[in-house]
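The block underneath contains the structure these notes are about, expressed in structure tokens.
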Amino acid sequence: MEIRIIVPEEKKLDVFGVYDEKIKELRRMYPSVKIHARGSELRIRGSQGDVEMVKERIMGMMRGEWDPLEAAVEEYEEELPEDGTIVTFKKKIKPLTPKQLEYVRAIEKNDVVFAIGPAGTGKTFLAVAMAVKYLREGRVERIVLTRPAVEAGESLGFLPGSYEEKVYPYLIPLYDALYSMIPYDRVRRMMDARVVEVAPLAYMRGRTLSDAFIILDEAQNTKTVQMKMFLTRIGPRSKVVITGDITQIDLPKHMESGLVEAERILQGIEGIEFVYFGKEDVSRHHIVKRIIEAYDRFGK
């Protein structure tokens with residue numbers, strides 16, 4: 001179904017807002033509806049129910065009875081309630097343990113958060129959820145997800161394919177988290193527009209990352225120089241989350257992890273917080289917690 005609405009000149013500011021900001025917010029609220037603005041004309045296309053809902057909203061804007069920007073502010077104020085529920089494009093995500101809730105609160109409060117703990121504790125998943133939340137709210141302009149391309153002692157030089165093909169397997173967990181929170185086709189459009197970027201850590205060198213939510217995953221496998229390089233990429237109005245498990249460092253034995261060193265150097269700096277997870281925070285299959293406990297006993 002498609003309809004056209006001609007907005008009177010005297011109502012254009014009420015409907016379009018400054019630089020079409022109200023129309024942009026309408027598009028965010030109703031992603032299944034295509035809203036095209038040209039001059040004083042709006043073309044709305046989608047299912048009959050959705051189109052009629054958007055039409056009613058626009059009529060309310062003309063009458064001065066409803067404003068999408070005011071509605072958005074009220075909505076965002078409710079998106080991180082006491083239980084830490086995070087609203088993404090596809091679903092609501094709720095922290096499952098007190099430590100996960102502390103983590104979400106720490107991200108809201110600080111510019112840089114380090115999350116350290118075993119696999120399965122939600123470090124990466126919750127960080128991506130918060131990044132999507134910030135993008136959805138317009139608090140950042142883009143999301144940057146990165147990982148060092150070093151795991152299990154493997155050398156990229158011996159793997160077939162281009163550099164991008166070689167590093168893709170290392171980035172799959174980040175793609176998986178994104179696709180669980182944003183529709184697949186929308187993620188692809190965002191990546192084409194560089195609103196969402198998933199790239200190996202080496203691609204961060206020489207850049208300044210402003211107005212961005214940046215996540216460095218698997219940070220235990222960064223070298224000291226890589227961690228310093230990454231931390232000095234942070235630009236204005238950006239938020240950074242760094243995740244890692246210091247029990248699973250895959251660097252050569254003689255090489256210190258950049259995450260371990262950062263933990264020593266950056267403690268106590270205002271705006272930086274360290275959150276430590278334990279096996280009690282594992283939120284994967286219940287058997288994962290038992291596996292971690294068994295390895296802990298064996299190590300001791």
Side-chain angles (χ1 to χ4, degrees), residues 80 83-88 90-108 110 112-134 143-154 167-182 187 198 200-201 213-222 227 239-251 257-260 262-263 273-300:
L80 196 59
D83 65 358
T85 300
I86 305 164
V87 179
T88 68
K90 286 179 68 173
K91 60 185 177 182
K92 294 181 179 180
I93 295 165
K94 181 179 177 180
L96 300 177
T97 70
K99 184 62 67 173
Q100 289 185 353
L101 179 58
E102 177 188 332
Y103 178 41
V104 167
R105 296 290 183 197
I107 293 172
E108 278 281 355
N110 296 278
V112 178
V113 174
F114 286 82
I116 299 174
T121 50
K123 303 183 302 295
T124 302
F125 187 76
L126 288 172
V128 174
M130 288 295 285
V132 172
K133 170 184 183 291
Y134 269 58
I143 297 173
V144 179
L145 309 177
T146 187
R147 267 185 163 197
V150 177
E151 290 194 19
E154 296 177 1
V167 300
Y168 177 76
Y170 299 104
L171 304 176
I172 286 177
L174 299 176
Y175 284 106
D176 288 344
L178 274 176
Y179 293 143
S180 71
M181 301 172 201
I182 307 174
V187 172
V198 184
L201 182 58
F213 197 116
I214 312 152
I215 299 172
L216 171 57
D217 193 36
E218 296 290 333
Q220 74 275 5
N221 289 326
T222 59
M227 179 62 77
K239 189 170 287 281
V240 174
V241 179
I242 298 162
T243 71
D245 178 359
I246 57 177
T247 69
Q248 295 191 31
I249 298 172
D250 297 313
L251 295 169
S257 164
L259 177 60
V260 173
E263 186 182 8
E273 185 169 340
F274 287 79
V275 179
Y276 295 92
F277 291 87
K279 56 181 178 291
E280 65 277 6
D281 299 301
V282 171
S283 52
R284 290 181 182 168
H285 193 287
H286 61 84
I287 198 67
V288 175
K289 187 181 297 186
R290 297 175 190 171
I291 291 170
I292 293 171
E293 291 172 346
Y295 270 90
D296 285 347
R297 288 194 299 270
F298 181 80
K300 290 175 183 178

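We use all heavy atoms of the structure for the numbers below, so side chains are in, but hydrogens, waters and symmetry mates are not.
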If only atom types and distance count, is the side chain of K123 paired as donor or acceptor with the main-chain N or O of P118 below 3.5 Å? yes

Closest non-hydrogen atom pair between R147 and D217, with its separation: NE-OD2, 2.7 Å

Within the 4.5 Å heavy-atom criterion, are E263 and F114 side-chain neighbours or not? no

Working to the nearest 0.5 Å, report the span between OG1 of T247 and CD1 of I116. 11.0 Å

Within this structure, what is the CZ-CG distance for the pair F274 and N110, rounded to the nearest 0.5 Å? 11.0 Å

Any side-chain heavy atom of V275 within less than 4.5 Å of one from E102? yes

Take T88 and K133, measure what side chain to side chain contact (heavy atoms under 4.5 Å, CB included) needs, and give me the verdict at the end. CA-CA 5 Å; T88 68; K133 170 184 183 291; 5.7 Å; no

Gap separating the CE atom of M227 from the CG atom of L259, nearest 0.5 angstrom: 5.0 Å

Do the side chain of N221 and the main chain of I249 share a donor and acceptor less than 3.5 angstrom apart? no

Over 12 foreign heavy atoms within 6.0 Å of NZ, K94: no

Measure across I93 and A129 and return the closest heavy-atom pair with its distance rounded to 0.1 Å. CD1-CB, 3.8 Å

Do the non-hydrogen side-chain atoms of F213 and V144 ever get within less than 4.5 Å of each other? no

Heavy atoms only: give me the nearest A127-I107 pair and the separation to one decimal. CA-CD1, 4.4 Å

What's the spacing between I86 CD1 and M181 CE if we round to 0.5 Å? 7.5 Å

Listed by chain and number, what are the side-chain hydrogen bond (donor to acceptor under 3.5 Å, both in side chains) partners of S180, not counting sequence neighbours? none

Would you indicate whether the side-chain heavy atoms of V240 and L216 approach each other to under 4.5 Å? no

Please check this pair: side chain of S257 against backbone of Q220, looking for a donor-acceptor N/O pair closer than 3.5 Å. yes

Indicate the atoms forming the closest heavy-atom contact of V198 with L178, along with that distance. CG2-CD1, 3.9 Å

Shortest non-hydrogen contact from L201 toward T222: CD2-CG2, 3.7 Å

Using a strict cut-off of less than 4.0 Å between a Lys/Arg side-chain nitrogen and an Asp/Glu carboxylate oxygen, indicate whether E108 and K239 qualify as a salt bridge. no

What pair of heavy atoms forms the shortest contact from V104 to P95, and how long is it? CG2-CG, 3.8 Å

How many angstroms lie between atom OG1 of T146 and atom CD1 of I214, to the nearest 0.5 angstrom? 10.0 Å

Do K99 side-chain atoms and G278 backbone N/O form a donor-acceptor pair below 3.5 Å? no

So do the side chains of K90 and Y179 get within less than 4.5 Å of each other, counting heavy atoms only? no

If you measure from CD on E273 to OH on Y103, what distance do you get to the nearest 0.5 Å? 11.0 Å

